[in-house]
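One structure is given here, and the rest of the page talks about it.
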Amino acid sequence: MIIRKGNPEDMKAVLGLIQELAVFEKEPDAVLVTEEDLIRDGFGPVPLFYVFVAEVEKEIVGIALYYYRFSTWKGKTIHLEDLVVKETMRGTGAGYALYSEIIKQAKKDKVRRIDWNVLDWNTTAINFYEKSGAKVLDEWRVAQMDEAAINYFVENKLK
């Protein structure tokens, strides 16, 4: 298994893993991003994300997609957006290898915190993270505004 930085040619496989994650998370129709979006937004002059891939025999079997954020309390942080391993490759160490690569990147970049979200029913992932020393916070809630809510706000609340 090779862990390496992703490149534009990998984005078709990356998108496939994102779609596999959406099915796992019971949101099979939620993925709107395209391969072209990933190439443009990850490899343009100002990349919006970075990705590590796990490769076995020239096949991408896992990804760790992340980006940098700024915390008013901690300074530069990493947000791990998705850690995905093909279902057939789970339990092979690919997830651990990708997770480790994110932590090594954080150390190299001198970030003070790595954040990510995990669904409350994904006990396998929660146990994996807690075993590594991460805290899964119960008291924080994720807030989101989807495109429809953005449009509603702009059209109805800003007048």
Side-chain angles (χ1 to χ4, degrees), residues 2-22 24-25 27 30-55 60 62-85 94-158:
I2 298 168
I3 304 297
R4 62 173 174 78
K5 290 197 176 216
N7 60 55
E9 293 76 28
D10 298 326
M11 293 305 103
K12 182 176 183 176
V14 168
L15 180 58
L17 284 163
I18 291 167
Q19 291 166 332
E20 185 173 326
L21 177 64
F24 174 77
E25 292 185 350
E27 296 270 353
V31 177
L32 301 178
V33 73
T34 66
E35 181 181 351
E36 292 76 22
D37 294 332
L38 293 170
I39 292 168
R40 180 194 63 234
D41 295 338
F43 301 93
V46 181
L48 298 179
F49 71 87
Y50 304 89
V51 63
F52 289 109
V53 298
E55 187 177 62
I60 294 174
I63 62 167
L65 192 143
Y66 68 100
Y67 56 89
Y68 294 93
R69 294 179 12 182
F70 186 83
S71 163
T72 55
W73 289 13
K74 303 295 181 187
K76 186 177 182 179
T77 66
I78 283 179
H79 181 82
L80 174 56
E81 179 65 20
D82 282 323
L83 176 63
V84 188
V85 175
Y96 183 82
L98 288 162
Y99 182 68
S100 298
E101 202 64 35
I102 292 292
I103 296 168
K104 289 190 292 188
Q105 187 69 44
K107 181 73 173 165
K108 176 182 167 191
D109 293 340
K110 296 181 171 75
V111 303
R112 295 189 179 110
R113 187 174 70 205
I114 305 169
D115 292 315
W116 63 94
N117 299 322
V118 60
L119 290 166
D120 62 359
W121 55 261
N122 193 348
T123 54
T124 302
I126 291 168
N127 292 336
F128 172 81
Y129 296 136
E130 288 179 336
K131 189 175 179 182
S132 77
K135 291 185 235 172
V136 177
L137 307 174
D138 292 329
E139 61 275 4
W140 284 84
R141 300 285 180 119
V142 176
Q144 293 182 336
M145 185 176 277
D146 66 12
E147 187 176 14
I150 293 166
N151 290 337
Y152 176 81
F153 185 90
V154 170
E155 293 165 9
N156 297 293
K157 301 291 185 183
L158 294 180

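Residue numbers start at 1 and run along the sequence shown.
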Would a distance-only check, ignoring hydrogens and angles, find a side-chain to backbone donor-acceptor pair under 3.5 Å from Asn156 to Tyr152?
yes
Across all chains, not counting sequence neighbours, the ring pair (Phe, Tyr, Trp, His ring centres under 6.0 Å) partners of Trp121 are Phe24
So do Val136 and Val118 actually touch side chain to side chain, heavy atoms under 4.5 Å?
yes
His79 and its ring-ring contact (aromatic ring centres under 6.0 Å, His included) partner, picked from Phe49, Tyr67, Trp116
Tyr67
If I compare all heavy atoms of Leu83 with all of Ala64, which pair ends up nearest, and what's the gap?
CD1-CB, 4.0 Å
Can you give me the closest heavy-atom contact between Gly6 and Phe43, atom names plus distance?
O-CE2, 3.5 Å
Please enumerate all residues that pass side chain to side chain contact (heavy atoms under 4.5 Å, CB included) together with Gln105, with sequence neighbours excluded.
Lys5, Phe52, Tyr66, Tyr68, Ile78, Lys108, Asp109
Residue Tyr96 excluded, over 12 heavy atoms near OH under 6.0 Å
no
Donor-acceptor contact below 3.5 Å, side chain Asp82 vs main chain Val84:
no
Taking C-beta and beyond as the side chain, do Asp10 and Val51 meet within less than 4.5 Å on heavy atoms?
no
Say you draw a straight line from CD of Glu35 to CE of Met11; how long is it, rounded to the nearest 0.5 Å?
8.5 Å
Which atom names give the shortest non-hydrogen contact between Gly62 and Leu98, and what distance separates them?
C-CD1, 3.5 Å
For Lys74, does the NZ atom sit with more than 12 other heavy atoms under 6.0 Å from it, leaving out its own atoms?
no
Sub-3.5 Å donor-acceptor pair from the side chain of Asn127 to the main-chain atoms of Thr123, do we have one?
yes
Would you check if Leu158 and Phe153 make a side-chain contact, meaning some heavy-atom pair closer than 4.5 Å?
yes
Kindly indicate whether the side chain of Glu55, heavy atoms from C-beta on, has any atom under 4.5 Å from the side chain of Arg4.
yes
One pair to check against side chain to side chain contact (heavy atoms under 4.5 Å, CB included): Ile3 and Val53. What are the steps and the verdict?
CA-CA 6 Å; Ile3 304 297; Val53 298; over 6 Å; no
Below 4.5 Å, heavy atoms only, C-beta onward: do Asp115 and Leu80 meet side chain to side chain?
no
Is any side-chain heavy atom of Val85 less than 4.5 Å from a side-chain heavy atom of Leu17?
no
Looking only at heavy atoms, the pair that brings Thr77 and Val111 closest together is CA-CB, 4.0 Å
With a 4.5 Å cut-off on side-chain heavy atoms, are Ser71 and Arg112 touching?
no
With a 4.5 Å heavy-atom cut-off, do Ile39 and Asp37 have their side chains touching?
no
Report the residues that fulfil side chain to side chain contact (heavy atoms under 4.5 Å, CB included) with Val142, sequence neighbours left out, ordered by chain and then residue number.
Asn117, Gln144
Any idea which heavy atoms bring Pro47 and Gly42 closest together, and the distance?
CB-O, 3.5 Å
Show your working on side chain to side chain contact (heavy atoms under 4.5 Å, CB included) between Val31 and Leu15 and close with a plain yes or no.
CA-CA 9 Å; Val31 177; Leu15 180 58; 4.0 Å; yes
Restricting to non-hydrogen atoms, name the atom on Ile63 and the atom on Ile18 that form the minimum distance, rounded to 0.1 Å.
CD1-CG1, 4.1 Å
